[in-house]
Each structure stands twice: as structure tokens, then as C-alpha cells.
Amino acid sequence: MKKILVTGANGQLGSELGVLASKYPSYDWIFADRTQITLDNLEVLKLQLNEFQPDVIFNCGAYTAVDKAETETELAFTINHLAIELIAKYTSEKNAKLIHISTDYVFDGTSSIALDEEAETNPINVYGASKRAGEIACLNKNPNAIVIRTSWVYSKFGNNFVKTMQRLMQERDSISVVNDQIGSPTYAADLAQAMIDILQSPQWIPGIYNYSNEGEISWYEFALAIKEFGRYNCNVGGIPSSSYPTPAKRPEFSLLDKKKIKAIYNLEIPDYKESLKEMFV
Ligand SMILES: NC(=O)C1=CN([C@@H]2O[C@H](COP(=O)(O)OP(=O)(O)OC[C@H]3O[C@@H](n4cnc5c(N)ncnc54)[C@H](OP(=O)(O)O)[C@@H]3O)[C@@H](O)[C@H]2O)C=CC1
Ligand SMILES: Cc1cn([C@H]2C[C@H](O)[C@@H](COP(=O)(O)OP(=O)(O)O[C@H]3O[C@@H](C)C(=O)[C@@H](O)[C@H]3O)O2)c(=O)[nH]c1=O
């Protein structure tokens with residue numbers, strides 16, 4: 001029985017994999033929280049990997065606090081760069097499969113067309129820089145790894161924009177949301193399924209892949225869709241990013257081009273509204 005180790009098991013993506021795991025009993029699933037796989041202590045991490053001896057690693061653990069990363073730079077880089085470097089080295093030596101997850105925040109946002117896997121990266125915040133360093137280290141140490149770049153992830157589990165909007169729209173009469181950052185949301189359950197589909201596919205072609213739901217929207221339009229499905233009375237206004245200052249800059253445009261993953265792994269990707277509905281059932 002193949003042993004799949006899921007790091008960051010209590011995060012959004014890790015939790016969605018936990019939901020799907022029961023449908024795939026032919027795998028021995030190990031869901032590791034931060035005490036079982038510790039990404040900020042490389043010595044401990046090495047020992048933990050050797051204990052689990054996985055055949056496959058889904059690396060869902062990450063430092064994801066975009067604004068806090070601006071001041072917790074070292075911690076963000078340890079988790080998002082050095083830990084994945086070690087995991088990639090381990091999987092390469094043991095001939096284990098590795099799917100690592102990266103982000104649209106590796107881009108600077110200056111493109112106006114959907115970004116494919118070859119598009120030039122140029123992170124504009126610490127989180128994005130740490131994730132880009134992680135991508136490079138991952139594929140350097142394990143050229144057989146798969147790296148999936150995704151964007152604007154949400155789920156019923158963990159913290160995310162959808163849940164923040166649901167809360168704010170219940171608490172307040174009006175909210176303002178930036179309308180000049182464009183991308184596409186990703187329902188973590190869809191991404192979790194895509195990871196399993198890739199693992200089960202007859203082919204394993206290493207490298208970078210993009211995955212998000214279909215659609216091209218701003219955070220403001222995303223908030224409007226959340227308002228529509230939640231039937232909230234809150235007034236939602238669109239504002240420029242300059243009116244919503246944050247410690248970390250976000251890219252103005254980070255829409256991912258999904259042609260490669262659809263063609264190679266034959267994936268059907270749901271439209272963002274279709275998946276967003278799942279948050280309201
Ligand atoms: N969230 C998003 O919008 C996006 C995420 N991504 C990427 O997708 C992947 C999955 O993200 P998502 O599920 O949303 O992230 P979450 O923040 O929901 O989960 C991250 C997980 O990592 C764990 N973790 C954090 N620090 C450590 C540590 N020091 N040691 C061990 N585990 C740790 C957390 O543990 P604990 O639960 O204990 O805190 C948590 O379970 C990540 O690689 C992320 O960079 C990409 C694009 C968008
Ligand atoms: C809560 C709120 C946010 N915003 C803005 C801030 C920001 O520009 C945008 C998104 O807000 P958040 O801070 O929730 O999202 P953010 O943490 O930037 O989300 C990112 O997380 C990392 C982990 C990723 O990898 C990215 O793909 C992306 O999903 O919405 C408003 O305009 N109004 C609001 O009331």
C-alpha cells in the first residue's frame with residue numbers, strides 16, 4: 001500500500017485532502033500536523049521524514065500570513081524555502097513522489113494576459129519571494145517533483161477571504177473591497193481532487209503547473225458573488241488598493257493560465273461560481 005504523507009494537515013488544503021481520503025482507501029494516508037511534520041526546524045523535520053518513510057508527499061504546509069511575512073521574514077523563508085528544499089532532497093533520494101504547492105504571488109502583477117508556467121516571476125512581497133525560492137529549490141533538489149501554482153484559495157476549513165467576507169457582511173452595513181487586483185479563486189476541495197487525479201494519472205510529468213477555478217475577477221467581484229450566494233444585505237463598494245493599505249503589496253494581475261494542467265492531466269476545472277456555491281450548502 002502506497003503511503004501518502006500530507007503536511008500541513010490542518011490547513012485548508014490538507015483538510016480537504018482529509019475529506020477526500022476516505023474515497024481512496026487503497027492509499028495509506030498520513031495526515032501530519034505541525035507537531036508531526038515541523039517545517040520550521042530542519043533537524044527535526046529530517047528525523048520526522050525518516051520515521052514516516054512516505055512513498056508520496058503532498059506538501060500542503062506553508063507560511064501563508066502574507067502581511068505578517070513582511071516582518072517574520074526568516075520564519076517565512078525557513079518554512080516556504082528551506083523546508084521544501086529538504087523535503088525535495090529527501091523525496092529525490094528515496095525515489096518518492098512529491099507534489100508541492102506554490103502561489104500566484106510569485107508574479108509582480110504587471111501582465112495583462114493570463115500567466116502561463118513560463119511567465120517571468122518577480123515577487124513583490126516577502127511571502128511571494130519565499131514561495132518562489134521554494135519552487136526553485138524544490139525543482140533543483142528533485143527534478144521529478146510537481147509544483148502546482150494556485151491562487152486565492154478558500155475552503156470551509158481554516159481562514160480565507162470567503163469566510164472573512166461572510167463574517168463582515170453579517171456584522172456590518174457596508175464594506176469596501178479592492179477592485180484593481182485581478183485573478184481567480186480556487187476552492188481547496190477542487191485543488192485537492194486535482195492532486196489526487198494527478199497522482200492517479202498514468203503519466204507523471206514533472207515541473208510547474210497552474211491550477212485555479214475558471215474565471216477572471218477582482219476581489220471586489222468575488223465579494224459580490226459571496227454577497228449574492230449568502231443573500232447578505234451588506235452594501236459592498238469597490239475601492240482602489242491605495243484606499244486599502246496593507247503591509248505587503250499584492251499583484252494587480254495574477255490570473256493563471258490553466259491550459260497545461262488541463263491538457264496533460266485531462267482535468268475539468270469548475271467555474272469559480274459553481275465551486276463557491278459549495279460554501280453555502
Ligand atoms: N491560502 C491561499 O490563498 C493560497 C495558498 N497557496 C499555497 O497553498 C498551500 C496550501 O495553503 P492553505 O491550505 O491555504 O494554507 P493554510 O494556511 O490553511 O495551511 C497551512 C498549514 O501549514 C501549517 N504550518 C504552518 N507553519 C508550520 C510549521 N512551522 N510547521 C508545520 N506546519 C506548519 C499550518 O499549521 P497550523 O494549522 O497548525 O497552523 C497549516 O496546517 C500553501 O503552499 C500555500 O502557500 C497558494 C495560493 C493561495
Ligand atoms: C478583508 C478585506 C480585504 N481586502 C483586500 C486586501 C487584499 O488586497 C485582498 C485579499 O485579501 P486577503 O488578505 O484576505 O488575501 P491574501 O492574504 O492577500 O490572499 C493571498 O493569500 C496567499 C496565501 C496567496 O497565496 C494568494 O494567492 C492569496 O490568496 O482583499 C479588502 O479590500 N477589503 C476587505 O475588507
Heavy atoms from other residues, nucleotides or ligands near CG of L47 exceed 12 (cutoff 6.0 Å): yes
Side chain D67, main chain A248, donor-acceptor under 3.5 Å: yes
N-O pairing of D108 and K249 below 4.0 Å: no
CG/N50: more than 12 non-hydrogen atoms of other groups inside 6.0 Å: yes
Atom CD of E252: over 12 foreign heavy atoms under 6.0 Å: no
In one Ile/Leu/Val/Met/Phe/Trp/Tyr side-chain cluster, 4.5 Å: L255, L276: no
Distance in Å, I113 CD1 paired with F253 CZ, rounded so as to fall on 0.5 Å steps: 8.0 Å
Ring geometry between Y24 and Y27 (parallel below 30°, tilted from 30 to 60°, perpendicular above 60°): tilted
Exercise: identify the closest heavy-atom pair between N210 and E117: N-OE2, 2.8 Å
Donor-acceptor side-chain pairing of E221 and S218 below 3.5 angstrom: yes
Exam field: side chain K3 to backbone M1, donor-acceptor pair closer than 3.5 Å: no
S201 side chain vs D197 backbone, donor-acceptor pair below 3.5 Å: no
Rounded distance (nearest 0.5 Å) linking atom CD of E214 with atom OG1 of T186: 10.5 Å
Mutual orientation of the aromatic rings belonging to F222 and W219 [parallel < 30°, tilted 30-60°, perpendicular > 60°]: tilted
Heavy atoms from other residues, nucleotides or ligands near CZ of R167 exceed 12 (cutoff 6.0 Å): yes
Joint cluster assignment, L17 & L199, ILVMFWY side-chain distance < 4.5 Å: yes
Hphob cluster co-occupancy, F58 + F31, side-chain heavy atoms under 4.5 angstrom: yes
Neighbour count above 12 (heavy atom, 6.0 Å) for N159 CG: no
NZ/NE/NH1/NH2 to OD/OE distance under 4.0 Å, K273 and D271: no
Check against side chain to side chain contact (heavy atoms under 4.5 Å, CB included), W152 and Y272: CA-CA 11 Å; W152 303 15; Y272 84 93; over 6 Å; no
Distance-only polar pair, side chains of D180 and S241, donor-acceptor under 3.5 Å: yes
Euclidean distance, Y211 OH relative to I148 CD1, rounded to 0.5 Å: 9.0 Å
ILVMFWY cluster, I4 and W204 together (side-chain gap under 4.5 Å): yes
T71 side chain reached by P247 side chain, heavy atoms, under 4.5 Å: no
Candidate pair I217 and L224, rule side chain to side chain contact (heavy atoms under 4.5 Å, CB included), full reasoning: CA-CA 10 Å; I217 55 172; L224 289 181; over 6 Å; no
Non-hydrogen side-chain atoms of I205 and Y265 separated by less than 4.5 Å: yes
Where G11 and F157 come nearest, the two heavy atoms and their spacing: O-CB, 4.5 Å
Cluster link I182 to V177, ILVMFWY, side chain under 4.5 Å: no
For D33 against A9, the heavy-atom pair lying closest together: N-CB, 4.2 Å
Heavy-atom check, side chain of Y244 versus side chain of S176, under 4.5 Å: no
Minimum side-chain heavy-atom gap D55-D28 below 4.5 Å: no
Backbone N/O of I264 and side chain of Q203: donor-acceptor pair under 3.5 Å: yes
Enclosure of K89 NZ (heavy-atom neighbours >12, cutoff 6.0 Å): no
Main-chain N/O of Y105 paired to S254 side chain as donor or acceptor, under 3.5 Å: no
Atom NZ of K163 with >12 non-hydrogen neighbours under 6.0 angstrom: yes
Pairwise side-chain contact, S92 with N144, heavy-atom cut-off 4.5 Å (strictly under): no
Short side-chain donor-acceptor distance under 3.5 Å, N59 and T7: yes
Between SG on residue C234 and CD1 on residue I175, distance to nearest 0.5 Å: 4.5 Å
Backbone N/O of S155 and side chain of Q12: donor-acceptor pair under 3.5 Å: yes
E16 side chain vs L191 backbone, donor-acceptor pair below 3.5 Å: no
Heavy atoms of other groups near Q36 CD, more than 12 under 6.0 Å: yes
Transitive ILVMFWY cluster of F52, excluding itself - 4.5 Å side-chain cut-off: L5, I30, I37, L39, L42, L45, L49, I57, Y63, L75, I79, L82, I84, L86, I87, Y90, L98
Nearest-0.5 Å distance that lies between atom CZ in F229 and atom CD in E278: 10.0 Å
Any side-chain heavy-atom pair of K156 and V162 under 4.5 Å: no
Worked verdict on K23 versus I196 for side chain to side chain contact (heavy atoms under 4.5 Å, CB included): CA-CA 11 Å; K23 288 197 203 161; I196 296 174; over 6 Å; no
N122 side chain near T110 side chain, heavy-atom distance below 4.5 Å: no
Ion pair check, K131 and E135, cut-off under 4.0 Å: no
Check: Y187 side chain, M279 main-chain N or O, donor-acceptor pair, under 3.5 Å: no
Rounded distance [0.5 Å steps], CG in N213 versus CD in E274: 8.5 Å
Heavy-atom donor-acceptor pair, Q48 side chain to T35 backbone, under 3.5 Å: yes
